[in-house]
Amino acid sequence: MKRKKILITSALPYANGPLHFGHIAGAYLPGDCYARYERLKENEVLYVCGSDEYGIAITLSAEMAGRTPQQHVDLFHKMNKDFFDHLNFSFDHYSRTTCKGHKELVQQFFNDLLQNGYIEEKITDQLYSPKDDKFLADRYVTGTCPQCSYDKARGDECQNCGASYEATDLKNPRSKITGAPLILKPTKHWFLLLEKFREKLLEWLDSKDWKPNVVKFVKNYIEELKPRCITRDSYWGVPLPLPGTEGKVFYVWFDAPIGYLSATKEWAEKIGEPERWKDYWCDPDTKLVEFVGKDNVPFHAVFFPAMIMGQKQFYKLVDELPANEFYNLEGRQFSKSDGWYIDLEDFFKKYTSDQIRYAIAANAPETSDSEFSWKDFQNRCNSDLLGKYGNLVNRTLIFAAKHCDGKIPEMKDLEEVDRTFLNEIRGLIGQASKCYEEFKIRRASQIVMEIAQKGNVYFDAKKPWVSAKDPSLHRSMANTIACCLECLKALALVSFPIIPGTAEKVWHMIGQKKPFSQNRWNDLEEKNLLPGTQLPTPEVLFRKVEDEEIVLESQKLRSLSQNKQDPLATIQEFQKLDFRVGKVLSAEPVPKSDNLFKLSIDLGSEKRTIVSGIRRHYSAEQIIGKNVIVIANLAPAKIMGVESQGMLLAGKNGDTLEVLSVDTLPPGSKVS
Ligand code: MF3
Ligand code: ZN
């Protein structure tokens, strides 16, 4: 069999904040499982990824955090990398778009497109800050919504009415950072003439057998192609390679996908064969598989392919584009800023990377959105990993240590039930193989557990503990354990792409010496274990996740987000308020309002006018004479034309309202 060259990429994550399990489920874990599988199948796999480090979002966050963009991406690039290491990712190279060589490659892409007639320059009016002497990108702009007049609308859409527009449509545009007013000023930008690729793209797409919904979406997208601006006014990004263009850089989605090539080049240099990247990118026989989240599909199926089609030299176009849906956290999107997230440092102190890899794989968002929940995580860990997988490994090895001299027994004179069992396991290995080839890690994870369950059922049915007591049945007992050990081998094999750490342990626990990754899938599928091999003392694979832990984790999740929504008040903040007892002297309805009273209140040393919304609940007679509780030091406010000099306290529940009062304390008494 000829080894196939397979180049695998996962979308380059931004170096702009910590990654979370939502990202992992989309473009990363499926890519890693696939890479691990194809390596076992003896293909020539190269798996590259890296941090996406340019773009306006990054300059904005960096400035807000008081860092330079370089400091900012250095920080998060390292965090990204550590996160992937923690999760046992098997990238052959993890690069970054600020790496050496990326800039030149991006500029070369641009020059080719320009010379081939796919780029046009245009002068348009853009928002400019005379005070800061610069053009501001959408994200830096705020102003009044052209639709609803909300005065803090964002540069691209209004968070009040939902309208979307160009930043230049905003009324009274200002800089989000300095508040400086902005004016329209003409500036030159470069546009990629995407519509020129329409026919070529459609024809190319016809040769793909991608998921129908992806193809349909992409076709519609191609129909509507228009020239797209690929430059920005910014100091952070790959500069244009043209004279007189200071302050212009490429749009991040123009440079980022070229990052796949620069990462491959950097890898080639790292291994001391600088030309090796061409083996992958410039050879039509390479299979290129790009793992992405669904929001990245247009860039990978249209924008980047068009950029490649417009080059003077041949580069690979994507062959497979596995695109996953979204992975949420207990019903909502993961969001650090809303406090809806999992503290990863804490997580990895308590749980292993295989537990989370398995939980994500078992619930991978392949056909629809899915989510992480603590309850599901506990279930996957306890009933699957511990109850099925761990259980079979444990009982088989303990039994072998006790009754088979701690060695792999020989298989001889197998019974029908043994042969059926081995055949079924083999069938499941074949099914798993197909799943990995088709990027279906959810189904693959189910097959892992089906294999474990088959093993457990077989063990129970054959009752080796009974045959152990009767010397005439020792042959059958030995066969049972030999078959179970074959099942453990199958488990290690089929689970390796998803839970590599565990598979490696099982592999050593069945007496094998070389690292698991040096195996070949087909060998393990075909050849039996060597009888007589010494088995080391088994170790425990998984720890039980207790109910109490899960209750605590769920509480922690909810309190983190609660704190964000209702920050705690300090005692000092509370003490700032001056609560007093006040006697209601009079109550007049406020004209044109059906719920307001203008109250006159005696606070002991002075009289106050307070406007209060209690008229639907109290008549004038009911409220006059009451000793109510008033906030005496509230800043005065005009309500329906009347100045209110305080506020009185009332409890409310649905439609019921009750004013707080005390019976015997005189007006002016302090309340605290
Ligand atoms: N950084 C982008 C995201 O996280 C993905 C970039 S993919 C690449 O959505 F192809 F542009 F690199
Ligand atoms: Zn609006």
Side-chain angles (χ1 to χ4, degrees), residues 7-20 22-28 31 47-58 61 73 76-77 79-80 83-84 91 93-99 102 105-106 109 142-167 169-173 228 230 237-238 250-264 266 281 288-308 315-318 321-327 333-334:
L7 176 60
I8 306 171
T9 65
S10 283
L12 310 184
Y14 288 118
N16 196 24
L19 293 172
H20 51 65
H23 296 111
I24 294 303
Y28 304 98
Y47 183 23
V48 296
C49 192
S51 299
D52 185 351
E53 306 193 308
Y54 290 122
I56 303 295
I58 284 177
S61 319
V73 298
F76 288 109
H77 169 67
M79 272 177 81
N80 288 353
F83 185 50
F84 288 124
F91 299 130
H93 190 54
Y94 188 81
S95 182
R96 55 194 301 187
T97 55
T98 55
C99 77
H102 179 65
L105 200 53
V106 172
F109 256 73
T142 176
T144 302
C145 172
Q147 205 118 45
C148 75
S149 298
Y150 175 63
D151 68 350
K152 288 184 198 67
R154 296 191 347 199
D156 53 350
E157 65 179 32
C158 172
Q159 60 279 46
N160 188 47
C161 73
S164 68
Y165 39 70
E166 300 286 328
D169 297 336
L170 283 172
K171 288 185 270 175
N172 187 21
R228 182 155 182 158
I230 54 163
V238 175
F250 286 107
Y251 169 43
V252 63
W253 271 107
F254 185 82
D255 91 84
I258 300 171
Y260 295 142
L261 281 94
S262 2
T264 316
E266 204 182 46
W281 281 101
L288 173 55
V289 185
E290 296 177 350
F291 286 84
V292 297
K294 68 174 162 190
D295 49 336
N296 279 342
V297 166
F299 294 105
H300 289 78
V302 181
F303 194 71
F304 187 40
M307 285 165 59
I308 287 179
Y315 293 116
K316 275 296 309 178
L317 292 172
V318 60
L321 188 63
N324 269 350
E325 310 283 314
F326 294 134
Y327 188 73
Q333 276 181 25
F334 281 84

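Values below: all heavy atoms of this structure, side chains included; hydrogens, waters and symmetry mates excluded. Ligands are counted one by one from 1 in listed order, and the atoms in each one are counted from 1 as well.
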Among F299, Y54, F304, ring-ring contact (aromatic ring centres under 6.0 Å, His included) partner for W253: F299
No-hydrogen, no-angle side-chain donor-acceptor test under 3.5 Å, N80 and S51: yes
Under 3.5 Å donor-acceptor, D169 side chain and E166 backbone: yes
Protein N, O or S atoms lying under 2.8 Å from the Zn ion (ligand 2), listed by chain and number: C145 SG, C148 SG, C158 SG, C161 SG
Y14 backbone acceptor or donor facing D52 side chain under 3.5 Å: no
Backbone of E157 reached by a side-chain donor or acceptor of Y165 within 3.5 Å: yes
Heavy-atom side-chain proximity of S10 to Y47 below 4.5 angstrom: yes
Where at least one partner belongs to residues 293-303, residue pairs that pass salt bridge (Lys or Arg N to Asp or Glu O under 4.0 Å), sequence neighbours excluded: K294-E325, K294-D369
Those residues that, when tested against Y327, pass ring-ring contact (aromatic ring centres under 6.0 Å, His included) (two or more places apart): none
Side-chain donor or acceptor of N16 paired with backbone N/O of V73 under 3.5 Å: no
Atom-level proximity to ligand 1, residues with heavy atom under 4.0 Å: A11, L12, Y14, D52, W253, A256, P257, Y260, N296, H300
